[in-house]
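Report on one structure; see the data block that follows.
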Amino acid sequence: MMMSFLILLMFLIGNMIFVSKHKHLLIVLMSLEFIVLSIFFLLMLYLMMIEYNMYMLMVFLVFTVCEGALGLSILVSMIRTHGNDYFQSFNLI
């Protein structure tokens, strides 16, 4: 019970950071990874509770790594083209 409350708290804190700190792309990406980490813990807790195989966690981790690599590549290309990761420093159109 306490563990699920902590995981829910992690998820809510990650969402609050995602909504409030939207000036830098790096902070947004780190908050998304924090949200994914809390979902991973929740999925692991649920699968351990029902005594099921952990293969779904491996699939989830593969998609998480792909999402992180895509976010880092976007960050690197943004820094190379614009010089920083501020959203207000360039025109989105």
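Positions are given from 1 along the sequence.
The hydrophobic cluster containing Leu12 does not contain Val28, counting ILVMFWY residues as joined when their side-chain heavy atoms lie under 4.5 angstrom apart, directly or transitively. Under the 4.5 Å side-chain heavy-atom criterion for Ile, Leu, Val, Met, Phe, Trp and Tyr, Met2 and Leu45 are members of distinct hydrophobic clusters. Linking Ile, Leu, Val, Met, Phe, Trp and Tyr residues whenever their side-chain heavy atoms come within less than 4.5 Å leaves Val59 and Leu70 in two separate clusters. Hydrophobic clustering places Leu43 together with Leu9 (ILVMFWY residues linked when any side-chain heavy atoms are closer than 4.5 Å, directly or through intermediates). Leu8 and Val19 are assigned to two separate hydrophobic clusters, defined by single-linkage of ILVMFWY side chains at heavy-atom distances under 4.5 Å.
Looking at Asn84 and His24, their side chains never come closer than 4.5 Å, going by heavy atoms from C-beta outward. For the pair Leu42 and Ile39, the minimum side-chain heavy-atom distance is 4.5 Å or more. A 4.5 Å side-chain heavy-atom check between Leu29 and Glu33 finds every atom pair outside the cut-off.
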Go through Met54 and Met58 one step at a time and tell me if the side chain to side chain contact (heavy atoms under 4.5 Å, CB included) criterion holds.
CA-CA 7 Å; Met54 298 292 171; Met58 293 302 293; over 6 Å; no
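Paired with Phe40 under the rule side chain to side chain contact (heavy atoms under 4.5 Å, CB included), one option of Thr64, Leu57, Ile35 passes, and it is Leu57.
With rounding to the nearest 0.5 angstrom, the CG atom of Asn15 is 11.5 Å from the CE atom of Met10. Here the straight-line distance linking atom CG of Leu32 with atom CG of Leu37 works out to 12.5 Å at 0.5 Å rounding. Atom CZ of Phe60 sits about 11.0 Å away from atom CG of Leu47, to the nearest 0.5 Å. For the atom pair CG of Leu72 and CG of Leu26, the computed distance is 8.0 Å after rounding to the nearest 0.5 Å. The CE atom of Met48 sits 8.5 Å away from atom CE of Met3, with the distance rounded to the nearest 0.5 Å.
Around the CE atom of Met30, the shell of radius 6.0 Å holds no more than 12 heavy atoms that belong to other residues, nucleotides or ligands.
The shortest heavy-atom contact between Gly14 and Phe34 is CA-CD2, 3.8 Å.
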